[in-house]
Amino acid sequence: LSNPPSSLSFLEGSLLIVFQGKLTLLRDTKTDGSFLVHHFLSFYLKAGCKVCFVALLQSFSHYNIIAQKLGVSLTAAKERGQLVFLEGLKSCFDVFFGEEQHVGQTNPLQFVSKDGSNLKTMYEFVRTSLMASGSDSWKCPVLLVDDLSVLLSLGVRPVDVLDFIHYCRVAVCSQLKGNIVVLVHSNDDSEDEENELVVNSLCHQSNLILWAEGLATGFCKDVHGQVKLAKAFSLLPMLP
Amino acid sequence: MAALATGGATPSDGATSFQRKVPASSRLAAIAGTRPSVRHGQLLLSSGLPSLDCVLGGGLAVGTLLLIEEDKYGIYSNLLFKYFLAEGIVCGHNLFVASAKEDPADILKELPAPLFDDVHKNQVDEKETAIKSKQESQESMKIAWRYQNLPKMEVSPAASARFGHYYDVSKTVSPELLKSIKWHRFFLPEEMSLHPEIKTCNMTCGYTRLLQSIQRIIYQEGFDGSYPQKKQKNILRIGIQSLGSVLWGDDICCTDNPEDIFSLTKFLYVLRGLLRMSLSACIITVPAHLIQNKAIMERVTNLSDTVVGLESFIGSERETNPLYKDYQGLIHVHQIPRLNSLICDVSGTKDLAFRLKRKQFTIETRAGSSQCDTFI
């Protein structure tokens with residue numbers, strides 16, 4: 001994909017003005033859709049939004065190196081309070097190997113060890129991260145999740161994943177007028193029924209779906225796939 | 001390729017033609033057996049099979065997991081497992097060997113013996129002078145250009161600066177070589193008898209102990225950078241055999257509705273955190289063909305970095321199929337990681353078969369395909 005950000009940025013530029021309080025679903029099939037996550041992360045940071053990034057799958061340095069290639073420094077964004085970064089791998093490490101008393105009740109990934117399926121602490125983490133403080137001058141808050149399918153692998157039930165998204169929508173989209181962007185994996189011939197349940201439900205709830213698909217004919221070196229845009233119905237009249 | 005341009009000149013430090021010209025004080029180039037990826041600077045290790053390194057885009061990245069879906073009888077997956085560990089010995093890395101069925105000391109004793117440069121080079125010289133058929137002379141040319149840049153005298157494997165080595169599967173590694181490296185063991189029956197039952201994070205007991213053992217070694221030996229005053233950094237190569245099998249206390253391989261389907265995936269997630277924060281790389285073989293619940297393998301794949309499936313022809317109708325007569329099985333590359341970059345290095349072809357000879361395990365496109373790359 002040559003330069004995906006520029007082909008999407010015009011669309012996003014006009015969308016940001018009217019696109020608030022919305023849930024965007026990023027979906028990938030037979031390819032890696034994480035390039036969309038990197039795009040949205042750097043886009044929203046450049047646009048001056050406050051971002052809470054729940055990064056479950058990769059380390060901070062991975063996202064930082066790519067963000068720098070896209071023109072944003074995550075370290076600097078963290079330092080100025082614009083980015084709240086939850087490094088899932090590190091939090092899980094603290095839960096698993098840390099002392100019981102040090103972990104306390106506030107580690108967002110504590111569900112891995114405790115009751116196994118309660119995402120309440122993760123929701124509280126998101127809510128407190130994005131709540132506007134007096135000195136903040138950031139634009140609309142954004143919650144970014146990479147990726148939701150991992151939660152199912154860690155023992156969270158589909159209904160609890162959907163509850164978590166619902167609570168976040170109430171807090172971030174309705175109350176704070178912010179946006180949520182979530183990545184999920186899916187496959188046509190997937191046998192992971194729990195994952196398909198979550199994906200289908202989110203497709204139904206979201207305002208915008210970006211679907212990255214690998215080529216049906218198989219692997220090709222120069223063209224990795226296609227991106228489909230769905231459900232932008234109410235915004236179409238505004239586009240030139 | 002830069003190698004062709006440099007011709008026969010021998011750099012004094014014995015660097016391969018693939019290494020970037022970094023200053024001697026650079027930390028990245030200082031760790032034995034590694035090289036930075038040409039595309040994005042990610043530090044790479046050899047998997048022990050030069051042809052697999054090619055297929056994976058140069059090698060295995062430090063901090064990542066290579067998951068092998070075992071072939072039906074576990075023969076070739078076990079071989080890949082051994083090549084990975086043997087490569088660690090030749091490079092002077094530390095090893096961590098975990099198994100629930102074989103004593104790690106026995107596994108190490110049976111590792112294949114490395115072929116040293118002078119032995120291999122002599123053979124190459126012989127091939128060059130002899131009159132041969134076209135195919136064989138092409139093969140020797142491919143080997144020759146790769147290695148002609150290396151110094152002529154190779155005294156010991158530790159001094160070898162080459163990335164990727166060859167092994168003779170008919171011989172086992174010498175005990176002297178084994179003694180020269182530091183290694184750690186985890187043998188499940190031994191661990192279970194030492195301590196009483198514990199269950200953390202609702203995970204199978206064996207997995208919990210294994211994670212604790214790995215974390216302890218990483219911390220104590222400083223692979224996570226906790227001893228900055230240590231003079232020489234090194235890599236920890238972790239090998240875990242047949243994870244998910246019944247012997248680990250997990251029932252995903254023997255029933256359609258396992259009691260706990262999350263143990264393996266939780267294990268992989270915590271392991272991923274450990275790998276990312278340390279100078280290590282891990283190979284895990286999984287008897288995927290025994291796992292009835294396919295959703296588990298999908299999740300396992302998503303939580304692994306590189307996933308390779310082996311399919312051997314033993315006992316199948318392909319064994320007698322003339323199309324496959326030179327090959328022992330197929331290799332399926334299910335996944336290659338994209339690290340620190342938006343795209344990944346991957347070879348153009350996905351139609352791969354493997355062929356095992358005494359001194360070489362090659363991966364090729366299947367005969368009859370339109371391309372005829374041979375990864376040597």
Side-chain angles (χ1 to χ4, degrees), chain A residues 1-5 32 34-36 38-39 56-66 68-70 87-97 109-117 147 149-150 152-156 185-187 189-196 218-222 224, chain B residues 40-42 61 63-64 199-203 208 211-212 214-216 218-219 224 260-278 292-303 305 333 335-351:
Chain A
L1 282 142
S2 55
N3 228 357
D32 186 356
S34 54
F35 70 92
L36 289 168
H38 296 298
H39 158 69
L56 296 175
L57 211 47
Q58 300 286 4
S59 64
F60 175 78
S61 64
H62 165 83
Y63 294 105
N64 197 21
I65 290 175
I66 301 180
Q68 281 173 348
K69 293 181 188 173
L70 295 176
E87 191 172 358
L89 290 170
K90 189 169 176 310
S91 294
C92 188
F93 176 90
D94 291 336
V95 166
F96 196 81
F97 296 111
L109 255 70
Q110 63 162 355
F111 62 86
V112 175
S113 74
K114 296 276 170 63
D115 30 25
S117 195
D147 66 64
S149 305
V150 172
L152 295 170
S153 302
L154 293 176
V156 183
H185 302 302
S186 77
N187 271 324
D189 50 357
S190 169
E191 296 202 26
D192 192 342
E193 287 171 0
E194 291 186 341
N195 190 49
E196 290 304 301
F219 179 78
C220 171
K221 211 168 181 176
D222 302 312
H224 298 151
Chain B
H40 42 70
Q42 184 75 27
T64 65
K199 221 172 195 286
T200 310
C201 295
N202 301 320
M203 204 189 289
T208 307
L211 283 170
Q212 286 169 346
I214 294 174
Q215 190 270 336
R216 191 178 60 242
I218 287 179
Y219 174 68
D224 54 355
D260 178 13
I261 60 169
F262 300 114
S263 273
L264 182 59
T265 44
K266 277 189 196 171
F267 172 89
L268 289 174
Y269 189 74
V270 178
L271 179 68
R272 192 182 178 105
L274 280 173
L275 294 175
R276 291 290 195 271
M277 64 180 272
S278 60
Q292 301 296 326
N293 185 338
K294 295 301 167 199
I296 296 179
M297 271 322 290
E298 287 177 33
R299 293 177 180 181
V300 163
T301 302
N302 286 338
L303 288 170
D305 297 298
V333 181
Q335 187 170 274
I336 290 189
R338 295 176 185 201
L339 293 161
N340 300 339
S341 138
L342 284 168
I343 57 174
C344 58
D345 305 311
V346 78
S347 64
T349 176
K350 293 259 165 154
D351 214 11

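Chain letters run A, B, ... following the sequence lines, proteins first and then strands; every chain starts at 1.
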- Query: Considering residues at least two apart in sequence or located in another chain, which fulfil the ring-ring contact (aromatic ring centres under 6.0 Å, His included) criterion with Tyr269(B)?
  - Reply: none
- Task: Go through Gly273(B), Gly63(B), Ala295(B) and name the one with the most non-hydrogen pairs under 4.5 angstrom from chain A.
- Result: Ala295(B)
- Taken to the nearest 0.5 Å, the spacing of Phe267(B) CZ from Ser153(A) OG works out to 15.0 Å
- So does Phe97(A) have more than 12 non-hydrogen atoms from other groups sitting under 6.0 Å from CZ? yes
- Looking at residues at least two apart in the chain, or sitting in another chain, which of them share a side-chain contact (heavy atoms from CB on, under 4.5 Å) with Ser61(A)? Ser59(A)
- Task: Enter the distance from Glu298(B):CD to Leu152(A):CG here, rounded to the nearest 0.5 Å.
- Result: 12.0 Å
- Evaluate the side-chain proximity of Val270(B) to Phe93(A): yes if any heavy-atom separation is below 4.5 Å, no if none is. no
- Query: Rounded to the nearest 0.5 Å, what separation is found between the CG atom of Asp192(A) and the CG atom of Asn302(B)?
  - Reply: 8.5 Å
- Task: For residues Val150(A) and Arg299(B), determine if any side-chain heavy atom of one lies less than 4.5 Å from a side-chain heavy atom of the other.
- Result: no
- Message: What I'd like to find out is whether the side chain of Gln58(A) reaches to under 4.5 Å of the side chain of Arg276(B), using heavy atoms alone.
- Response: yes
- Output for pair (Phe96(A) CZ, Gln212(B) CD), nearest 0.5 Å, gives 5.5 Å
- Item | Which atoms of Ile261(B) approach chain A - backbone, side chain, both or neither, heavy atom under 4.5 Å | neither
- Note on the structure: So, the part of Arg272(B) with a heavy atom under 4.5 Å from chain A: the answer is both
- Item | Gap separating the NZ atom of Lys294(B) from the CG atom of Asp189(A), nearest 0.5 angstrom | 12.5 Å
- Query: Quick one: CG on Leu303(B) to CG on Leu154(A), what's the gap to the nearest 0.5 Å?
  - Reply: 7.0 Å
